[in-house]
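One structure below.
Both counts, for ligands and for their atoms, begin at 1 and track the order of listing.
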Amino acid sequence: RAKSEGRNLYRFFEPEMDAVVQARRAIEVDLEAALPRQEFDLDFQPIMNIASGEIVGAEALMRWHSPARGTVAPDEFIPAAEETGLIVPLGEWALRTACTAAASWPPGLRIAVNVSAVQLRSSGFARSVISALAFSGVPAAQLELEITETVLMDESKAVLKTLRQLRELGIRIALDDFGTGYSSLGYLRRFPVDKIKIDRSFIGDMANHDTAAIVRTVIGLGTELGIVVTAEGVETEMQLDMLRENGCVEAQGYLIGVPSKASDIQRLLKSRALHNRIG
Ligand code: C2E
Ligand code: MG
Ligand code: MG
Ligand code: MG
């Protein structure tokens, strides 16, 4: 009986699954052509030091402007690019483009770039990072690579070695979307991490007593371990006040600034730097 039920279930889902597979395949085909056609772009979102109110850097966020599909969000195309392996050249392009943009920012500001697990596992990754730095002239100390916990679930020696190598160059490693996925405190012990970014789902729910307790605990943990804690998705003054009261180091979110074009972020960073020097 179970067997026939299973078969019915399969039949029931089959047309739908087919549509999903076909849609994914179509995205993959379009993506492949998109890189040579220069349909990708980076937006930059400012990151603020909470205590000083100064902008300390920005995160590069990839955009796909597809003539056929319009602007596609990274959550929709990054998984497809990982599937085909396109994420490797695409990620290389992002690193280079982000570093080149950061080269014209006021000195000392950090550029954060997201790195997929597939990229990090690819053999030439460290080399491509070094080459992006050399190409742009951005010092290693100003580059921050954002990885997610899924990267660390892969316990491979190669990934650990790559992370160590990059860190020895002075590059910072940030653990993105902290608290989602299979968070394990063990990762913080085993892997070299300079920063934790608390996922925006926690920040958005800080009015909830239990969520606020979790956020406070993660901030305390970071402080104890000497790891910078950044809150993602800060949208209200109330959230920022709570984070400040609890000693969170950095904030990022629509309240501080939305992701913006390279030219706009450059203007913002320059005017803030000038303001800080005068003030
Ligand atoms: P992420 O690295 O956690 O980036 C933060 C995401 O939150 C961004 O979404 C940003 O636009 C959004 N966000 C920022 N502030 C707020 C806020 O106050 N409220 C809300 N509701 N959202 C906010 P985005 O740009 O759609 O990117 C989604 C994810 O795609 C990123 O999450 C990152 O994991 C991935 N991604 C983006 N660019 C790249 C890239 O160049 N390479 C790789 N491998 N992944 C990327
Ligand atoms: Mg990120
Ligand atoms: Mg995140
Ligand atoms: Mg994310």
The Mg ion (ligand 3) to Asp176: nearest N/O/S atom name:
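Atom name returned: OD1.
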
Measuring from the Mg ion (ligand 3), name the closest N, O or S atom belonging to Asp177.
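Per the distance ranking, Asp177 contributes OD1 as its closest N/O/S atom to the Mg ion (ligand 3).
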
Count I, L, V, M, F, W, Y as connected when their side-chain heavy atoms are under 4.5 Å apart, and connections chain through other members. Are Leu255 and Val249 then in the same cluster?
no

Which atom, counting only N, O or S, brings Glu59 closest to the Mg ion (ligand 2)?
OE2

By atom name, which N, O or S atom of Glu146 is the nearest to the Mg ion (ligand 2)?
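Glu146's closest N, O or S atom to the Mg ion (ligand 2) is named OE1.
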
Option set [options], criterion heavy-atom distance to [atom], minimum:
{"atom": "atom 23 (C) of ligand 1", "options": "Tyr254, Phe178, Phe40, Trp64", "value": "Tyr254"}
{"atom": "atom 45 (N) of ligand 1", "options": "Asn114, Leu95, Ile147, Leu255", "value": "Asn114"}
{"atom": "atom 3 (O) of ligand 1", "options": "Ile87, Asp177, Val113", "value": "Asp177"}
{"atom": "atom 26 (O) of ligand 1", "options": "Ala117, Ala60, Pro74", "value": "Pro74"}

Non-hydrogen atom of [X] closer than 4.0 Å to ligand 1:
{"X": "Glu59", "answer": "yes"}
{"X": "Gly233", "answer": "yes"}
{"X": "Ala73", "answer": "no"}
{"X": "Arg63", "answer": "yes"}

Between ligand 1 and Met62, is the shortest N or O to N or O distance under 3.5 Å?
yes

Go through the side-chain N and O atoms of Gln266 and Lys261 and say whether any donor and acceptor fall under 3.5 Å apart.
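The answer is no; no qualifying pair exists.
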
Quick check on the Mg ion (ligand 2): does Glu232 put an N/O/S atom closer than 2.8 Å to it?
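It does not: Glu232 brings no N, O or S atom closer than 2.8 Å to the Mg ion (ligand 2).
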
Between Arg96 and Phe135, is NZ or CZ placed under 6.0 angstrom from the six-membered ring centre and within 45° of the ring axis?
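Judged by the rule, Arg96 and Phe135 form a cation-pi pair.
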
